[in-house]
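This report concerns only the one structure given below.
Here is the naming used below: chain letters follow the sequence lines, and residue numbers restart at 1 for every chain.
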Amino acid sequence: MIRVRLAGSIRRAIEQAQAAGDLPPVDVGEIPLERPSRKEHGDWSSGVALAMAKAARMKPREVAERIVAELGAPEHVARIEIAGPGFINFFLTHAWLANLVAGVEAAGDAWGRSEAPEPQRIQVEFVSANPTGPMHVGNARWASVGDAIAALLGATGHEVEREYYVNDHGRQVELFGRSLAARYLQRFGREAEMPEGGYQGHYVQALAEDLAAEAGDRLLDAPAAEREAFFREEGLRRTVADIRATLDAFGVRYDVWFSERSLHESGAVTAAVDRLREAGHVYEHEGAVWLRTTELGDDKDRVVLRSNGAPTYLAADVAYWIDKRGRGFDRVIYLWGSDHHGDVPRVRAAIQLLGDDPDAAEFIIGQFVHLTRGGETVRMSKRTGEAVTFDELLEEVGRDAARYHFLRQGIDSTMDFDLDLVVRQSQENPVYYVQYAHARICSILRYAEEQGVALRPVSEVALEELQHESELDLLRKIAELPEVVEVAARQRAPHRLTRYAEDLAALFHAFYRDCRVVSEDESLTQARLHLCRAARISLRNVLVLLGVSAPERM
RNA sequence: GCCCCCGUAGCUCAGUGGAUAGAGCACCGGCCUCCGGAGCCGGUGGCAGAGGUUCGAGUCCUCUCGGGGGCACCA
């Protein structure tokens, strides 16, 4: 990449200046090189002279001058300027920018993707909503973000698997089964009380009705355990199927649906505790088995086996971790809601106590969706069933607008979400702005074809005729894509892509305003059609990473 | 009480320690004889507060205030 070459040129220039005695032999570290926010400051800018000035005991501008003196004329650089307090600004040649069009076309779907210096096998586990009811809008945020992060990692050269951890074991599942069974009995006019803290939502009611139709009256007088087992198992099966269907409709495809129960049934959980025990990291106290997480900074030790012998969630997490690592992942990413951030040090400690590398686990903590409806806060509880469901959201807002909405914001801050407002604004959703730009490009390409303009191979086209400021602005933005993807992936920040997409769309619209594409000038027409294609490829590739469609008409 | 996240324009949010802090929505005013007006151009308006580090702070550190989340033998 041009960035790397420029950084290398700067480094060599500094070394030469130092060798010649023009600059003192101070260590410069990594060469800072950034894209200035203002284009008057060039395509690339380095503040290296400012950073060096103090150690060199020289004025920053003077340092910059001596570096520039040794810099000569790097390839593809039209001119170099020293500006402001001592920035060294690089302006790329128009030819380099225009030629990018050929590179973009050649790369096609791969444009924007890159190779990782050290490719890893990475698993991303996300959503993993409890299978005791429908998903809500909070889950939709993580579905959007997790899928996009996985896509970004894949686009930067890693091998990625998406996984959903199905919590099909434990008290909530039992409670779910008993709630269904109670509804079933009530359905047939029997006296039955909902279990304490049971699932009140109409989802459970409706599911119980369905299952009642299936089971008929044969379980009415069966032993409670048998009845509850039926409803628990069938309820789980159907709810997991519903969750899968929703995520499928949302365009999220998991490679693995991993059952928590399988860890208990295979003995993996017991084995995990045994392994910790053998390593001397657990002890018994008041009938329970505790893990010494305080050894690694936790404020208190944590129970892994309760006094009734049942393993805790942490014990299952340890077993799950061992399983994941056994599958050969170099890195395991957990996308968790902030309600679980307190569990991070415990799982991390457990990993370390297992003797594994805690840095192989990465916890991405996302803040909540604060759901309101007409200004009133709505709690997203499966038990009460009040929440706005994921399906309702999809129905009312649509997949593209919903995804884009969730991805537009960083994950570190709480997202305010008023369904009424989002539905009302869905027509104003910036996703349409971006999609419109894409459709418009497609329309222009169709128009050219209708006019009988045959697109010539890019190698035969005079790309250097792309000289208009709007053309160059668009080219510069297109050129940024690989870097944007790389940064978004590294920072686990898909929202950078939505910002980029909007910038790119805006610059395309500006280009459209200023430059007639299909004109009498055949040579310029060809160049501009190819620029349109490059813009289209860039837009489409970003939208693919976001999981949003790139319509040819709308 | 302790820990984590957040506080930027009227609203929802961007902003890898750099130069004049940006979008969308809302509001006001403009723009097609021509490839898509779901567009374009212009305007109003902002870093919660106080210290500190730095050549340079919206960004890093400390404290205050405000909002959210956690601190289980729950999942």
Side-chain angles (χ1 to χ4, degrees), chain A residues 32 34-38 40-41 45-47 50-51 53-54 59-60 83-87 89 130 132 167 169-173 175 197 260 285-290 298-300 302-314 316 337-345 365-368 370 405 408-418 421-422 424-425 427-430 432-437 439-448 450-451 453 483 487 490-491 493 495-496 498-499 502-503 505-506 508-510 512-519 525 528-529 532 553-554:
Chain A
E34 60 176 27
R35 281 184 190 279
S37 48
R38 313 179 67 82
E40 305 90 83
H41 298 145
S45 175
S46 179
L50 283 76
K54 193 170 192 190
K59 289 179 183 160
F87 290 102
N89 295 338
N130 280 347
T132 54
N167 298 113
H169 176 91
R171 181 138 94 194
Q172 293 308 316
V173 171
L175 201 55
E260 178 189 0
H285 176 65
E286 292 177 349
V289 176
W290 300 70
D298 200 356
D299 6 333
K300 52 173 289 197
R302 305 291 162 174
V303 171
V304 284
L305 292 180
R306 290 186 259 159
S307 49
N308 66 4
T312 60
Y313 198 77
L314 177 58
S338 63
D339 54 336
H340 284 107
H341 93 267
D343 298 328
V344 172
I365 303 301
Q367 297 300 311
F368 271 35
H370 179 237
H405 181 82
R408 209 162 172 260
Q409 185 171 338
I411 61 175
D412 284 340
S413 50
T414 309
M415 174 176 283
D416 285 322
F417 193 102
D418 189 306
L421 199 64
V422 171
R424 214 177 315 134
Q425 287 183 347
Q427 289 311 305
E428 309 300 326
N429 191 309
Y432 300 120
Y433 179 77
V434 176
Q435 289 182 320
Y436 178 73
R440 197 180 218 183
I441 296 171
C442 294
S443 168
I444 294 167
L445 296 172
R446 280 195 301 269
Y447 174 83
E450 286 159 17
Q451 297 300 306
V453 179
E483 190 197 348
V487 171
R490 182 155 35 84
Q491 300 184 341
H495 72 271
R496 285 181 174 275
T498 58
R499 300 285 160 178
E502 288 163 42
D503 288 349
F508 179 79
H509 289 309
Y512 176 84
R513 176 194 66 219
D514 293 334
C515 303
R516 172 86 200 177
V517 176
V518 180
S519 68
T525 295
R528 287 180 170 169
L529 283 172
C532 284
R553 289 189 167 86
M554 56 192 286

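- At the heavy-atom level, R513(A) lies under 4.0 Å from the strands shown only through sugar-phosphate atoms.
- Using the Watson-Crick or G-U wobble rule with both distances under 3.5 Å, G56(B) pairs with nothing in any strand shown.
- Judged by distance alone, with hydrogens and angles left aside, N89(A) brings a side-chain donor or acceptor within reach of the base of A19(B), the pair sitting under 3.5 Å.
- Nearest-nucleotide positions on RNA chain B place F417(A) closer to the 5' end than the other of F417(A) and G287(A).
- Among the atoms of the strands shown, base atoms are found under 4.0 Å from some heavy atom of V518(A).
- Side-chain contact check for R302(A) versus T312(A): every heavy-atom pair is 4.5 Å or farther apart.
- Residue contacts shown for A310(A) are absent, as no nucleic acid heavy atom lies under 4.0 Å away.
- When the P atom is compared between G49(B) and A9(B), the two are found 11 Å apart, to the nearest whole Å.
- In this structure, E428(A) places its CD atom 13 Å from C1' of G39(B), rounding to the nearest Å.
- Rounded to the nearest Å, the gap between the C1' atom of G58(B) and that of A48(B) is 12 Å.
- At the heavy-atom level, A439(A) lies under 4.0 Å from base atoms of the strands shown.
- Distance noted for atom C1' between C27(B) and C11(B): 12 Å (whole Å).
- Backbone-only contact: H495(A) has heavy atoms under 4.0 Å from sugar-phosphate atoms and none from a base.
- No donor-acceptor contact under 3.5 Å links the side chain of S443(A) to the base of C35(B).
- When the P atom of G39(B) is taken as reference, atom CD of E502(A) falls 12 Å away, rounded to whole Å.
- Rounded to the nearest Å, the gap between the P atom of A21(B) and that of G43(B) is 15 Å.
- T132(A) places no side-chain N or O within donor-acceptor distance of the main-chain N or O of V173(A), the cut-off being under 3.5 Å.
- Nucleotides A19(B) and G24(B), compared at atom C1', are 26 Å apart to the nearest Å.
- For S45(A) and A19(B), a side-chain-to-base donor-acceptor distance below 3.5 Å is present, hydrogens and geometry of angles not being considered.
- Among the atoms of the strands shown, none is found under 4.0 Å from any heavy atom of C442(A).
- Residue A53(A) is classed as having no contact, given no heavy-atom separation below 4.0 Å to the nucleic acid.
- Summarising the geometry, the separation between CG on L305(A) and C1' on C74(B) is reported as 16 Å, rounded to the nearest angstrom.
- G410(A) comes within contact range of the sugar-phosphate backbone alone, with a heavy-atom separation under 4.0 Å but no base atom that close.
- N429(A) comes within 4.0 angstrom of no nucleic acid atom, judged by non-hydrogen atoms across all strands.
- Across the protein-nucleic acid pair, E34(A) atom CD and A19(B) atom P stand 8 Å apart, rounded to whole Å.
- One finds no side-chain N or O of R171(A) lying less than 4.0 angstrom from the OP1 or OP2 phosphate oxygen of A72(B).
- Between H340(A) and Y313(A), the angle of the ring planes stays under 30°, which puts this pair in the parallel group of the 30/60° scheme.
- Taking the P atoms as reference points, C40(B) lies 28 Å from C47(B), given to the whole Å.
- Across the C1' atoms, G45(B) and U8(B) are found 12 Å apart, a figure rounded to whole Å.
- Nucleotides G52(B) and U16(B), compared at atom P, are 25 Å apart to the nearest Å.
- Contact check, Y433(A) against C40(B): a side-chain N or O comes under 4.0 Å of OP1 or OP2.
- The side chain of R302(A) places no N or O atom within less than 4.0 Å of a non-bridging phosphate oxygen (OP1 or OP2) of A72(B).
- Within the 4.0 Å cut-off from OP1 or OP2 of C73(B), at least one side-chain nitrogen or oxygen of K300(A) is found.
- A75(B) atom C1' lies 17 Å from atom NE2 of H341(A), rounded to whole Å.
- The residue P430(A) sits close only to the backbone: its heavy atoms come under 4.0 Å of sugar-phosphate atoms, none of a base.
- Across all strands shown, M554(A) has heavy atoms under 4.0 Å from base atoms, whether or not it also approaches the sugar-phosphate.
- For the pair K54(A) NZ and U54(B) C1', the computed distance is 8 Å after rounding to whole Å.
- Applying the Watson-Crick and G-U wobble criteria (two distances, each under 3.5 Å), G42(B) pairs with C28(B).
- The distance between atom CD of E40(A) and atom P of A19(B), rounded to the nearest whole Å, is 13 Å.
- Side chains of P85(A) and L50(A) form a contact here, defined as non-hydrogen atoms less than 4.5 Å apart.
- Residue Q427(A) is out of contact with every strand shown, counting any heavy-atom pair closer than 4.0 Å.
- Taking 4.0 angstrom as the limit, H41(A) places none of its side-chain polar atoms (N or O) nearer than this to OP1 or OP2 of U20(B).
- R38(A) comes within 4.0 angstrom of a base, heavy atoms only.
- Among the nucleotides A19(B), G68(B), G36(B), the one closest to the side chain of Q367(A) is G68(B).
- The side chain of H509(A) lies closest to G39(B), out of G39(B), U16(B), C13(B).
- The residue among A493(A) and N308(A) whose nearest nucleotide of RNA chain B lies closer to the 5′ end is A493(A).
- Here the P atom of nucleotide G15(B) and the CZ atom of R499(A) are 7 Å apart, to the nearest Å.
- Across all strands, R553(A) comes closer than 4.0 Å to base atoms (heavy-atom distances).
- Of the side-chain N and O atoms in S413(A), none sit less than 4.0 angstrom from OP1 or OP2 of C6(B).
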